[in-house]
Amino acid sequence: MRLLAEMQGARSSALQLLLLGCCVCAVAGYPFKVPLDLDVTPRITVLSSGLQGCRRFQSSAVNYSTMLLETDSERLYVGARGAVFSLNASDISASSALIIEWEVSPEQKRQCLLKGKDNKTECFNHIRLLQRFNSTHLYMCGTHAFNPLCAYVEEERFVMSSQPEEGRDKCPYGPTTGYTALIIDQQMYTASQYEFRSFPDIRRNSPSPTLKTEDAPTRWLNEADFVGSTLVRESLGSSTGDDDKIYFFFTERSEEQTTTYSHSRMARVARVCKGDRGGRLTLQKRWTSFLKARLMCSLADYNFHFNMLRSIFVVPGHTSQDTLFYGIFGLEWKNVKASAVCRFSLSEVQEAFQGPYMENQDSDSKWKEYTGKIPDPRPGTCITDALRARGINVSTSLPDDVLNFVRRHPLMSQQVQPSDRHPLLFRRTTDYTRVAVHVVQGLDGQKYHVLYMGTNEGWLHKAVEVEGRLHIIEEMQLFEEPQPINNLLISEKQMSVYVGSPSGVVQLPLSNCHRYTSCYDCIFARDPHCAWDGVQCVNIISSEARSTLIQDIKRGSNGCENTQDESVQRSRSVRVGDDVLLQCELSSNLATPLWTLDGSEFQGYGLNSGFRTGTDGLLIIEARQDQSGLYTCYAVENSIKVAVVTYNITIRLDRPPPLPVNPTEDPYSLFATLSTPTEHPSSEKPLPPPPAPLLPHSELLSPRNMEAMYLSLITILGGLCVVLTVVLVYVGFCLRVGHRGKYSLRAAAAAYPNSKKQSRKQHRNSSHMELKTISNHCNGNGICNGVSKHHNGDVEDGGFLQIVPGEAHPSPNKEPPPPAPPLPPTPQMCSPECDFRNGLSATLPSVLRRMNGNSYILLRQSESESTSPLCYSFAEELNRILEKRKHTQLLPRPDESSV
Ligand SMILES: *[C@@H]1O[C@H](CO)[C@@H](O)[C@H](O)[C@H]1NC(C)=O
Ligand SMILES: *[C@@H]1O[C@H](CO)[C@@H](O)[C@H](O)[C@H]1NC(C)=O
Ligand SMILES: *[C@@H]1O[C@H](CO)[C@@H](O)[C@H](O)[C@H]1NC(C)=O
Ligand SMILES: *[C@@H]1O[C@H](CO)[C@@H](O)[C@H](O)[C@H]1NC(C)=O
Ligand SMILES: *[C@@H]1O[C@H](CO)[C@@H](O)[C@H](O)[C@H]1NC(C)=O
Ligand SMILES: *[C@@H]1O[C@H](CO)[C@@H](O)[C@H](O)[C@H]1NC(C)=O
């Protein structure tokens, strides 16, 4: 009785959690209309357990945030908290790692604490800068418990070559302050808001003359958060005798008055000339060539702007004019997850710097375009041949009126638009933190850009750009513990991508073509590194016979027409009245399952048809004799039907077929009743603890009770959704007034998130579905995080396979499906060898003997357990199903069991 009460308690708290989650999700609903066709789904999901060729480096240190790759010495230098490492770039896990320990002393730590700094993050030495200084030395800076220091490192012996020196004007004080630095020709360019109270600044530190940005009368930078910088050698091949330039990328508080946007922060690009020496009287020790412009990354049709620049990657071109910048952008709203990728060309940036200036008349008003006379030479330009011809060979010779103009007009009016005027990629529910780009030549001779993007939850997405869109080839879970990816580097020589994170460094091959097992799989992947050679999917670099390879990056469909069908064939005989699950798991998230019976397509899978389809198979409910036949599962991707598995099912009236004598002879067949032995009154085992607190225990509640439970649950959910709709209409209305955008109501079908993959598939497969859920937005808030811990949780309608009786399945905006039939008692014998982790036990023979019309028969296609005893496979299968059931019940980490 007490247990019963506990179960009900657990259930009601589950209900509370669910209702709360529902509310929060609904209120935090997406504040804009989402262009679904732009929201890209990764084709393959690889969990950390399935990563191949992955090498890891870990030590007692944490926060591996800075990385420097030296291709000549084949070393990867990594700066962490209190230590710097030198790793073998071809295998970072090799034992040859060298270390420089650089911790703060207890005294320094005490002083840091006295300053009121955070003892968990700030009072350590976080390495923020690690770069080559000259041919023999590296230079590094650390926050050093809020007292930055810098030091030279002798590369050969990997030791600090001298005592650390003052780093206050080169390095930020905190570990997370926006910061970027470059050492060019032994001159150091840094940008940061160094101390908490100081203004942000772009500096050239050493040697003198030190140059800075101006703070008065016009502040050139406003709360700028720097993400990157790069040198572009524009002097090379310049017809005008132009100078090299340094570009800085950041997000800052916006100043300009615009009619269309009401954003407080904006992404920017700024630049200075490398040869700048400052002015003589005006702008003394200040840049004379500082200009900045806005970087746009918008879904203009939806009046939706990504304002926060998170990462930038520079792809050099043949000439400096062909330089491209890839930017990762996010939203200003902290609780809404979304990312966009935009690409900019240097020529567009240069055009903005050639255009009109902005101006503000008095410091209180907003900035507007300046329409007056522009002094000559043009303010903010570098020293060119034309100026030298006029006797101005250095910036100190620039006339005063030009410098005065520069001082008050740092901002350009023209915005830098992305190539093709739209983002290459847009993703809800993912916060990308970093991007790196590798240029690969495909078999068609074209250069393809392959992007590696790290998320804030430890995943790496690999995508290829085709005609202005990104196709995400795969998503890889690099860390089991969700953690932000801090850094990404690519080595073409090592064919590796290096990933820095709080817990360690990971080295991955740039591609893993062997993952694709068939010609279609290889083609659909659209990985420029990979091609089908007739037998397997190979890396095109390692293949000699390039002419015979098959690859189709542009469309991802052509070339495999003549390959033979390699689908699996299975034959099974089952009894009338059994529920039969025909498994068919598709590896691609972009594929849709399609089933045929004796060659003809199913017309519908409704409850009355006697069939249900789920993401992992087809369920025949209470099989009838006329349902015998050949069932074929196809994966449909890019409009191509590829057979995956065929089952020859014979449904008979008589007793079930005899059990094979040797279970291993028949590894593909697995018969299971999904019932719990605990309900057997004569069970001699003590009552095991419930597998999961939120799991409904049908054996403890009578079917009638359960029915009442579900009815009330559905009633409550229905009522709740009416309330939510009203709230959403109201919130939507308010937001519309505020943002001028278009908003659509998103129904709250989020209550029962299941696995990521399932939900994703449901989203894609159910074109009939008008109502979208908002569950995918929940990741931004605590409550829903518990539900869907990982980054993806796209739209779902909850139409997944109901394999477990007694499972509620609400879908509040549709008619609630009838409650699943309660599980009748199925007495079972227990055997000690087959005890399961979760307290359930069964032996296969007894299970089979007691099979009746309400049990399920599972026909496995997996070949992995062919050597294991049947009892083990069954245990595992049952565990898997129970795991799945748990995950549909509001438990965190839905991904693991079902993806
Ligand atoms: C450093 O690592 C710890 C633990 O891995 C993490 O909690 C913390 O947020 C990290 N700090 C920074 C600045 O990345
Ligand atoms: C780096 O690792 C590779 C592969 O393990 C090995 O062949 C090479 O000798 C190592 N280099 C050094 C300097 O240890
Ligand atoms: C940090 O400070 C808090 C409160 O002052 C203290 O409880 C905690 O133990 C300290 N942690 C460390 C790592 O010193
Ligand atoms: C590199 O810089 C270091 C530190 O200033 C200096 O000691 C060393 O001599 C320099 N090496 C060369 C080759 O100039
Ligand atoms: C600039 O030109 C003047 C003469 O016109 C010359 O004396 C000076 O050295 C030049 N400076 C530079 C940096 O070239
Ligand atoms: C399916 O199995 C039945 C019974 O085992 C057999 O008679 C029939 O020929 C099989 N059909 C196919 C197409 O293999």
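Note that these values count all heavy atoms, side chains included, but never hydrogens, waters or copies made by symmetry. In each ligand, atom 1 is the first atom listed, and ligand 1 is the first ligand listed.
- Note: no N/O pair closer than 3.5 Å links S571 and ligand 6 by distance alone.
- Here the two cysteines C141 and C171 have their SG atoms 2.5 angstrom or farther apart.
- Distance CD1/I328 to OG/S311: 6.0 Å, rounded to 0.5 Å.
- At least one N/O-N/O distance between N63 and ligand 1 falls below 3.5 Å.
- Close to ligand 1: T176, with a non-hydrogen atom less than 4.0 angstrom away.
- T646 and S567 make their closest contact through OG1-OG, 4.3 Å (heavy atoms, listed as atom of the first residue, atom of the second, distance).
- For ligand 1, the atoms sitting less than 4.0 Å from at least one non-hydrogen atom of P175 are 13 (C), numbered in the order shown with element in parentheses.
- The aromatic rings of F146 and Y173 sit perpendicular, their planes meeting at an angle over 60°, well past the 30° parallel limit.
- A salt bridge links K337 to E457: one of the charged nitrogens lies within less than 4.0 Å of a carboxylate oxygen.
- Taking the six-membered ring where the residue is Trp, F133 and Y139 present tilted rings, their angle falling between 30° and 60°.
- When all heavy atoms of A80 and A61 are compared, the pair lying nearest together is CB-CB, 4.1 Å.
- Within ligand 1, counting atoms from 1 as listed, the ones closer than 4.0 Å to a heavy atom of P502 are 2 (O), 5 (O).
- Checked by atom type and distance alone, the side chain of H144 never pairs as donor or acceptor with a backbone atom of W102 at under 3.5 Å.
- For ligand 4, the protein residues within 4.0 angstrom (heavy atoms only) are F133, N134, S135, T136, H137, Y152.
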